[in-house]
Amino acid sequence: MTDEEAATLLGLPVRTYRRWKAGEIGRIDRDSKARLSNLMGIHKALRIIFREPQRGYAWIRKPNSAFTQRSALEVMLGGELTDLMRVRRYLDAERGTW
């Protein structure tokens, strides 16, 4: 994943993301906390659904009929918090309820 893609997922300017990546994390606002929570939920769901991590990483980039043949990554790169929530809801439904 590129720095630009990661910054989009986190709703940050690329410069800020690169500072975070270098360990210089400042205050985390409510939107960023919600984005991080959804991203962690997506990661957890992928780890539950796919035993091999590489399959989960590949799934993120594959076209999916649930997203009108776009990949989950393409959906999430729409840049809105609701885009992340959409992918997380889909994966939570796929893996089943608690």
Side-chain angles (χ1 to χ4, degrees):
M1 177 170 295
T2 67
D3 285 357
E4 290 76 14
E5 289 172 330
T8 298
L9 294 178
L10 293 169
L12 298 172
V14 176
R15 222 169 93 180
T16 302
Y17 170 73
R18 287 184 177 143
R19 280 198 311 266
W20 279 28
K21 191 174 165 181
E24 299 174 35
I25 299 173
R27 289 189 77 177
I28 300 175
D29 64 22
R30 181 177 287 166
D31 181 72
S32 294
K33 288 177 185 175
R35 287 170 180 275
L36 287 166
S37 174
N38 277 279
L39 289 167
M40 288 188 291
I42 290 165
H43 185 263
K44 178 181 176 182
L46 288 171
R47 294 300 301 257
I48 291 169
I49 294 168
F50 299 104
R51 299 255 182 234
E52 301 87 26
Q54 293 302 357
R55 288 185 61 211
Y57 300 142
W59 179 87
I60 284 285
R61 295 183 180 276
K62 287 185 180 176
N64 189 315
S65 60
F67 306 126
T68 60
Q69 295 308 317
R70 295 185 302 153
S71 70
L73 182 59
E74 287 175 292
V75 171
M76 293 187 296
L77 289 175
E80 299 296 327
L81 175 57
T82 54
D83 298 326
L84 298 175
M85 293 167 68
R86 180 178 176 200
V87 172
R88 183 176 183 181
R89 278 193 310 267
Y90 173 80
L91 288 170
D92 285 346
E94 285 295 306
R95 72 180 175 89
T97 58
W98 298 99

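When a residue number appears, it is its place in the shown sequence, counting from 1. In this text the structure is predicted, and so the values were computed from the model without any measurement.
- Shortest non-hydrogen contact noted between Lys33 and Ile28 is CE-O, 3.2 Å.
- Every residue two or more places apart in sequence or in another chain that forms a side-chain hydrogen bond (donor to acceptor under 3.5 Å, both in side chains) with Ser32 is listed here: Asp29.
- Under the rule for a side-chain hydrogen bond (donor to acceptor under 3.5 Å, both in side chains), the partners of Glu74 that lie at least two apart in sequence or sit in another chain are Ser71.
- With sequence neighbours left out, the salt bridge (charged side-chain N to carboxylate O under 4.0 Å, His left out) criterion links Arg86 to no other residue.
- Legend: residues meeting side-chain contact (heavy atoms from CB on, under 4.5 Å) with Arg88, ordered by chain and number and at least two apart, are Ser37, Asn38, Ile42, Asp92.
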Run the side-chain donor-acceptor check on residues 46-70: report pairs under 3.5 Å with partners two or more places apart or on a different chain.
unit_1: Glu52; atom_1: OE1; unit_2: Arg55; atom_2: NH1; d: 3.4
unit_1: Asn64; atom_1: OD1; unit_2: Ala66; atom_2: N; d: 2.7

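- Shortest non-hydrogen contact noted between Arg35 and Thr8 is NH1-O, 3.6 Å.
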Show me the side-chain donor-acceptor pairs of residues 9-24 shorter than 3.5 Å, one per line, residues at least two apart or across chains.
unit_1: Arg18; atom_1: NE; unit_2: Asp3; atom_2: OD2; d: 2.9
unit_1: Arg18; atom_1: NH2; unit_2: Glu4; atom_2: OE2; d: 3.2
unit_1: Lys21; atom_1: NZ; unit_2: Asp3; atom_2: OD1; d: 2.8

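- In this structure, Met76 CE and Asp83 CG are separated by 9.5 Å, a value rounded to the nearest 0.5 Å.
- A single hydrophobic cluster is not seen to contain both Met40 and Tyr90; linkage of ILVMFWY side chains at heavy-atom distances under 4.5 Å, directly or through other members, places them apart.
- Taking CG from Leu73 and CE from Met1, the interatomic distance works out to 5.0 Å, rounded to the nearest 0.5 Å.
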